[in-house]
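These notes concern the structure reproduced below.
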Amino acid sequence: MTKYIKHIIVCIIIMTALLTGCSSKEDSDVKPADISLSKKYVVGKDIQENDITDFYYTVENINYDAFYQRYRIYVEEGQHVFFHEKRERKNDYGPATQDDTTRIGTITLTDEQWSKIYSYLSDGVVKAREESADSGGTGPWLYLYWTNDKSKYQQFSFDSYDTEVKFEEYCETIASDSDEKDTSPAEQEP
């Protein structure tokens with residue numbers, strides 16, 4: 001009988017060791033690369049003003065009264081450039097195409113305009129880009145490109161919804177001052 005008790009105790013010890021090893025294995029499935037991609041960078045703290053090379057703000061509705069709006073702020077020859085494009089397909093479904101373009105324009109920002117835009121980006125968070133299988137959403141989709149990124153961390157979110165609304169309103173003001181006709185800028189997709 002003692003022999004059986006010893007066997008049971010040994011079996012319990014072995015099972016406990018195996019189960020502990022299995023749970024450790026599950027925890028170790030998180031690779032170091034996955035941990036590093038969960039890192040977040042704060043604009044103004046980790047990403048400085050001069051580090052920002054390109055910022056995209058895109059919103060689109062492919063449902064009834066389809067529309068597409070993009071604001072892009074990028075650096076070209078040491079200057080901050082503001083590009084905007086609006087496409088509308090009233091009383092119809094999308095996606096809105098270039099033929100539906102109702103407003104488009106490009107303007108070189110003044111230092112004051114860039115500072116104002118940067119103030120809206122400040123305290124926003126940049127993290128690793130996540131591809132989404134969701135469809136039908138309107139966005140906005142926000143991407144901030146910056147020096148030393150190595151094409152990993154671009155997905156941006158404002159520090160608050162209020163800040164995002166102020167950014168949109170300010171961009172609309174700049175857009176109204178920069179409308180052009182028959183402009184086709186070299187636009188790269190984020």
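Both backbone and side-chain heavy atoms feed into the values below; hydrogens, waters and symmetry mates do not. Computed from a predicted structure; not experimentally measured.
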In Å and rounded to the nearest 0.5 Å, what is the [atom1] to [atom2] distance from [X] to [Y]?
{"X": "Glu60", "Y": "Phe67", "atom1": "CD", "atom2": "CZ", "result": "8.5 Å"}
{"X": "Ser122", "Y": "Ile47", "atom1": "OG", "atom2": "CD1", "result": "10.5 Å"}
{"X": "Asp92", "Y": "Lys90", "atom1": "CG", "atom2": "NZ", "result": "12.0 Å"}
{"X": "Glu76", "Y": "Thr108", "atom1": "CD", "atom2": "OG1", "result": "7.5 Å"}
{"X": "Glu169", "Y": "Ile174", "atom1": "CD", "atom2": "CD1", "result": "12.5 Å"}

Grouping ILVMFWY residues whenever side-chain heavy atoms fall under 4.5 Å, the cluster of Tyr93 otherwise contains Tyr64
Should [X] and [Y] count as side-chain neighbours, where that means a heavy-atom distance under 4.5 Å?
{"X": "Ile104", "Y": "Phe83", "value": "yes"}
{"X": "Leu142", "Y": "Gln155", "value": "no"}
{"X": "Leu144", "Y": "Asp54", "value": "no"}
{"X": "Thr106", "Y": "Val81", "value": "yes"}

(request) Kindly assign one of parallel, tilted or perpendicular to the pair His84 and Tyr71, based on the angle between their ring planes and the thresholds 30° and 60°. (result) tilted
**Q.** side chain to side chain donor-acceptor pair (under 3.5 Å) between Thr163 and Ser160, intermediate numbers included
**A.** CA-CA 5 Å; Thr163 302; Ser160 70; 2.9 Å; yes
Testing the basics here: between [X] and [Y], what is the closest heavy-atom pair and its distance to 0.1 Å?
{"X": "Arg72", "Y": "Tyr56", "result": "NE-OH, 3.2 Å"}
{"X": "Val42", "Y": "Asp123", "result": "CG1-CA, 3.9 Å"}
{"X": "Arg70", "Y": "Thr58", "result": "NE-OG1, 2.8 Å"}
{"X": "Leu121", "Y": "Val43", "result": "O-CB, 3.4 Å"}
{"X": "Asp46", "Y": "Lys40", "result": "OD2-O, 4.1 Å"}
{"X": "Asn91", "Y": "Asp65", "result": "N-OD1, 2.6 Å"}

Would you kindly check if the NZ (Lys) or CZ (Arg) of Lys39 is within the cone defined by 45 degrees around the ring axis of Tyr41 and under 6.0 Å from the six-membered ring centre? yes
Hydrophobic cluster membership, with links at side-chain heavy-atom distances under 4.5 Å among I/L/V/M/F/W/Y: are [X] and [Y] in one?
{"X": "Ile52", "Y": "Val125", "value": "no"}
{"X": "Tyr120", "Y": "Ile107", "value": "yes"}
{"X": "Val75", "Y": "Trp114", "value": "no"}

Check ion pair Lys166-Glu164 (N to O, under 4.0 angstrom)
no
Exercise. Hey, is Asp100 close enough to Arg89 for a salt bridge, meaning N to O under 4.0 Å?
Worked result: yes
Counting only N and O atoms by type, is there a donor-acceptor contact under 3.5 Å from the side chain of [X] to the main-chain atoms of [Y]?
{"X": "Thr53", "Y": "Tyr145", "answer": "yes"}
{"X": "Gln113", "Y": "Thr110", "answer": "yes"}
{"X": "Gln69", "Y": "Glu85", "answer": "yes"}

Contacts of Phe167 meeting ring pair (Phe, Tyr, Trp, His ring centres under 6.0 Å) (sequence neighbours excluded), chain-then-number -> Phe55, Tyr57, Phe158
Checking Lys86, Glu88, Arg87 against Thr102 for side-chain hydrogen bond (donor to acceptor under 3.5 Å, both in side chains), the one that qualifies is Glu88
- request: For this output row, return yes or no: ring centroids of Tyr143 and Phe156 closer than 6.0 angstrom.
  value: no
